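This report concerns only the one structure given below.
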Amino acid sequence: MYSNYGKSSQFLCLGLNLPGGSDDPEPGEGREEADTSAAPEGQTSPDSANLSSAPEGSEDGQDRPMANSEQKQGPGEEEDTTDSMDGSGLYSLTEEGEKESEGGGQRERGKDESKRSTRKRNRPSGGATRHSSSSDDDDEDEDEEEDAEEEDEQAMEAWLGADLRDLSRPSWCAIPSLRAREIGRDSHQFVRRVCGARGLVQRLELQGRLEKHTGCVNTLHFNPSGTRLASGSDDLRVVIWDWARRRAELEFDSGHKSNVFQAKFLPHSGDSTLAMCARDGQIRVAELSATQRCKNTKRVAQHKGAAHKLALEPDSPCSFLSAGEDAVVFRIDLRLDRPANKLVVVKEGEKKVGLYTIFVNPANTHHFAVGGRDQYVRIYDQRKINEHDNNGVLKKFCPSHLVSSESKTNITCLVYSHDGTDLLASYNDEDIYLFDSSHSDGADYRRRYKGHRNNATVKGVNFYGPCSEFVVSGSDCGHVYLWDKNSARVVQFMEGDRGGVVNCLEPHPHLPGLATSGLDHDVKLWAPTAENPTTLKGLKEVMKKNKRERDEDSVRHGDQYDTQLLWFLMRHMRNRRPQRARRGEGGEGDTDESWSSPDSSDEEEGGPDHVQCMSS
C-alpha cells in the first residue's frame, strides 16, 4: 500500500487488511447498535451512559437505535461505508460482556425497587419487638446506601455524557481512494488522508518495542523525515533509533546530571544537532556526526530549576526556546557567542509561575505559549514583551470553572495544532481542554476531553493526524487514549505501559503510526495493522474508575510537597558531600567549556561539562 514510501511505510502497514473484502464484517454483524445522544455543553442527555458515536442516518440531530431494516442500504444510496474502515458508528463504551439492552438494565432496577417495596411491606407495625425495629433500621440503611449509589452512578453517567458531539461521517474511504490512486487522481493527497482516517486509528495495535534504556523513558522525538527516533531517559543517556529495523544506531551520555526530560532534533540541521533539557536545569546541545558518532555535548543555558520542555522553531536549525521551573523562558541562538537570552520571567501579579511546558505557534513563530504551576495558558509575542505591561502577556486562556478554583491546578503540557489555530492544554488531575488561539484574552475552552488520569507524573498530550484530527494522551491507568477532536469522543483505547503510567506520545510525521513511552524502560511502537476496529472493551469502567480516584484524591489530599522544594532538598543533600575528598584528588579542576550567559545559573556540582560520546 505504501510501496512508494520506503521501508518505514512497509513496516507500519504490515498486515493491514483493507475492508470491503470477505473478512471485513458488515455493519450490524455481531455488534450492538447503541442508542446515543450527544449532549450540548453544560447539558446531559437522558441516556448519557452510552457514549458510542451517533449512528448514521439519525434525524433532527437526535440519535436513536436503528432497526435492522434501517441498516440495509436502500436504492440510490452511496456505496457501502465499510470502505471507510470505520466502525465508530457500531460501538459503545459498553464492554462486550455487558451487551444487555437498555431493557435489561431497566429490569435490574425494577428488581431493586421490588425488593425495597417488599421490605417496606414486611416491616412490622408499632407493636413490634426491639429486634424487628433493629431490622427496620438496617433495611432503611440499606435503602439509603442503595439510593446514594444510584445517585452516584447517575451523576457519573451524566459526567461521561456531557460535552460530547456526534461523530461526523468518515472522510476517507479505502476502496475508492485506492482506485483513484491507481489512475493518478489525487495521489499526492493519499498519504495525508490515510494518516487522518478514523478507521486506521481504530485499528492501531502494538507493533514492537525498542529496548535499550535502563530507566524510565521521558522523551521521544522523530527527525523531520521520520526515519530516526530519539529517546531520553532517567539513565541520563540518549539513544538514536532506526525504529523500522528496531535497532539502536547511536547511544551516548547526555552530559546531564539528572533525568533527561527532552531530546529533539533541530529542523534543517541534517539530523546533526540535538537539543536536550533535564531536571538539572541545563540546556545542552549534542553534535552528531554522519558516521553514527556523537562528537560532544555542550551546555548552552542553565535554569535555576528543572527544565521540562523545549520549543523548536519550525524553520530554524539554530534557535529554539526553553522553559524552566524558575519561571524563565530562554531564547537560544547557537550562532551567538552567548547563545542564551532571557525572554521573559512568567508572573501572575508579583508571584513567579514555574513552567512545565512551552510550544511555538507553527503558523506564527513569533508567538509562543507556556503553562505551569497555575491554571492559565499564557501566549506571548517575542517582538513585544514588556514586563511592565500585563507582565508581557499577549493573552491568557483558562476554563471558566477553573478561574476561581481553589484547587492547585497545573498545566503539565500544551501544544499547538498543525496550523496554529487550536491550542491544547492538559491539566493535572483535571481534563484536557482545547482553546481557539485566535480568540480574545480570557476566552473559554471549545472542547473538553475526559476519561484519562493525569496525576502521578508530568503527563504529555499531543495532536494526531496531519490535520490534527485527533487528540492523544497517556494516563496513570497505563492506557493510551485517542479522542476525535471535533466530537470529543474516545475512538481508540489501548493498554500501554505495564508500569502503569504513559507519559510521552509522539506521532510519526508522515505515516499512520505512533511511539509511546512511560514508566517502562522501553519504547512502544503502534501501527494500524489490526484486522478489526477496536470495540473499546473495558473503556467505560476504566473512565469511571479514573474519575472516582480523582474525586477521592481531591478531597483527601491537602497541600502537597512542591516539586521544586523536593529538587532543592535533593541538590542540597548532594552538595553536602565531603569537599575534602574533592580537594584531595589534586590536579587541576575540570574545565567548563560550555557557553555561558549572564542570565544562567552556575550553581552546579563538580564534574566535567564537556562529554565525549561513543557510538553504541
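Heads up: numbering here begins at 1 and tracks the sequence. Computed from a predicted structure; not experimentally measured.
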Legend entry - Residues Glu552 and Lys547 bridged, charged N to O under 4.0 Å: no
Inset, instruction - Would you mind checking if Glu348 and Arg378 are paired as a salt bridge, meaning a charged N to carboxylate O distance below 4.0 Å? - result: yes
Inset, instruction - Could you give me the CA-CA distance, side-chain angles and deciding distance for Leu482 and Met494, then say whether side chain to side chain contact (heavy atoms under 4.5 Å, CB included) is met? - result: CA-CA 9 Å; Leu482 283 108; Met494 307 176 293; 3.9 Å; yes
Inset, instruction - Can you see which heavy atom on Leu266 is nearest to which on Ser269, and at what distance? - result: O-OG, 2.7 Å
Legend entry - salt_bridge(Glu313, Arg331) N-O dist < 4.0 Å: yes
Legend entry - Trp483 and His452 aromatic ring geometry - parallel, tilted or perpendicular at 30°/60° bounds: perpendicular
Inset, instruction - Using the six-membered ring wherever Trp is involved, compare the ring planes of Phe330 and His303 and label them parallel, tilted or perpendicular (cut-offs 30° and 60°). - result: tilted
Inset, instruction - Supply the atom-to-atom distance Cys398 SG to Asp441 CG, rounded to the nearest 0.5 angstrom. - result: 11.5 Å
Inset, instruction - Apply the test side-chain hydrogen bond (donor to acceptor under 3.5 Å, both in side chains) to residues Tyr356 and Arg373: give CA-CA distance (whole Å), side-chain angles for both, the deciding distance (0.1 Å), then the verdict. - result: CA-CA 8 Å; Tyr356 294 131; Arg373 288 192 186 137; 3.2 Å; yes
Inset, instruction - Verify, without hydrogens or angle tests, whether Ser254 (side chain) and Leu236 (backbone) share a donor-acceptor contact under 3.5 angstrom. - result: yes
Legend entry - Whether Gln492 side chain and Val201 backbone form a donor-acceptor pair below 3.5 Å: yes
Inset, instruction - Begin from the C-alpha positions of Asn361 and Thr365 and carry the test side-chain hydrogen bond (donor to acceptor under 3.5 Å, both in side chains) through to its verdict. - result: CA-CA 5 Å; Asn361 186 335; Thr365 56; over 6 Å; no
Legend entry - Nearest atoms (heavy-atom pairs only) where Gln302 meets Gly281: NE2-C, 3.4 Å
Inset, instruction - Working to the nearest 0.5 Å, report the span between SG of Cys195 and CD of Glu469. - result: 9.0 Å
Inset, instruction - Apply side-chain hydrogen bond (donor to acceptor under 3.5 Å, both in side chains) to the pair Asp234 and Asn259, showing each step before the final yes or no. - result: CA-CA 4 Å; Asp234 288 353; Asn259 317 52; 2.8 Å; yes
Legend entry - Main-chain N/O of Gly478 paired to Ser475 side chain as donor or acceptor, under 3.5 Å: no
Inset, instruction - Could you tell me whether Asp163 and Lys450 make a salt bridge, using a distance below 4.0 angstrom between a side-chain N and a carboxylate O? - result: yes
Inset, instruction - Verify side-chain hydrogen bond (donor to acceptor under 3.5 Å, both in side chains) between Asp280 and His256, making sure each step is shown before the conclusion. - result: CA-CA 7 Å; Asp280 59 12; His256 287 288; 3.2 Å; yes
Inset, instruction - Please report the shortest heavy-atom distance between Lys459 and Val502, naming the atom on each side. - result: CD-O, 2.9 Å
Inset, instruction - Answer yes or no: is there a donor N or O on one side and an acceptor on the other, between the side chain of His510 and the main chain of Pro224, under 3.5 Å? - result: yes
Legend entry - Backbone N/O of Thr409 and side chain of Asn428: donor-acceptor pair under 3.5 Å: no
Legend entry - Expected output: side-chain Asp326 to main-chain Lys304 donor-acceptor under 3.5 Å: yes
Inset, instruction - Evaluate ring pair (Phe, Tyr, Trp, His ring centres under 6.0 Å) for His508 paired with Phe222, printing each intermediate quantity in order. - result: CA-CA 7 Å; His508 192 278; Phe222 283 105; 4.9 Å; yes
Legend entry - Heavy-atom pair with the smallest gap, counting every atom of Val523 and Ala515: CG1-CB, 4.4 Å
Inset, instruction - Scan for ring pair (Phe, Tyr, Trp, His ring centres under 6.0 Å) pairs involving residues 257-286, sequence neighbours excluded, and state none if there are none. - result: Phe261-His308
Legend entry - Arg550 and Arg453: CA distance, side-chain angles, deciding distance, side chain to side chain contact (heavy atoms under 4.5 Å, CB included) verdict: CA-CA 7 Å; Arg550 191 172 88 182; Arg453 184 91 197 278; 3.7 Å; yes
Inset, instruction - Determine the sole option in Asp476, Thr412, Asp431 for which the side chain to side chain donor-acceptor pair (under 3.5 Å) test with Asn454 is passed. - result: Thr412
Legend entry - Between CG on residue Asp422 and OG on residue Ser468, distance to nearest 0.5 Å: 7.0 Å
Legend entry - Rounded distance [0.5 Å steps], CG in Leu204 versus CG in Leu525: 12.0 Å
Inset, instruction - Might you work through the side chain to side chain contact (heavy atoms under 4.5 Å, CB included) test for Phe435 and Val377, ending with a clear yes or no? - result: CA-CA 9 Å; Phe435 300 94; Val377 173; 4.2 Å; yes
Legend entry - salt_bridge(Lys347, Glu387) N-O dist < 4.0 Å: no
Inset, instruction - Kindly indicate, with the supporting measurements, whether the criterion salt bridge (charged side-chain N to carboxylate O under 4.0 Å, His left out) is fulfilled by Asp271 and Arg228. - result: CA-CA 9 Å; Asp271 302 336; Arg228 299 293 179 265; over 6 Å; no
Legend entry - CG on Asn455 to CG on Asn546, rounded to 0.5 Å: 10.5 Å
Inset, instruction - Over all heavy atoms of both residues, which pair between Leu423 and Ala369 is shortest? Give the atoms and the distance, please. - result: CD2-CB, 4.0 Å
Legend entry - Test ring pair (Phe, Tyr, Trp, His ring centres under 6.0 Å) applied to Tyr433 and Tyr376, Tyr445, Tyr449, the passing residue: Tyr445
Legend entry - Where Asp444 and Pro399 come nearest, the two heavy atoms and their spacing: OD1-CA, 3.3 Å
Legend entry - side chain to side chain contact (heavy atoms under 4.5 Å, CB included) between Thr297 and Val285, worked out: CA-CA 5 Å; Thr297 71; Val285 171; over 6 Å; no
Legend entry - Distance in Å, Asn391 CG paired with Lys396 NZ, rounded so as to fall on 0.5 Å steps: 8.0 Å
Inset, instruction - Please lay out, stage by stage, how Phe493 and Tyr481 fare under the test ring pair (Phe, Tyr, Trp, His ring centres under 6.0 Å). - result: CA-CA 5 Å; Phe493 170 72; Tyr481 292 75; 5.4 Å; yes
Legend entry - Test item: Thr273 side-chain N/O and Glu287 main-chain N/O as donor-acceptor pair under 3.5 Å: no
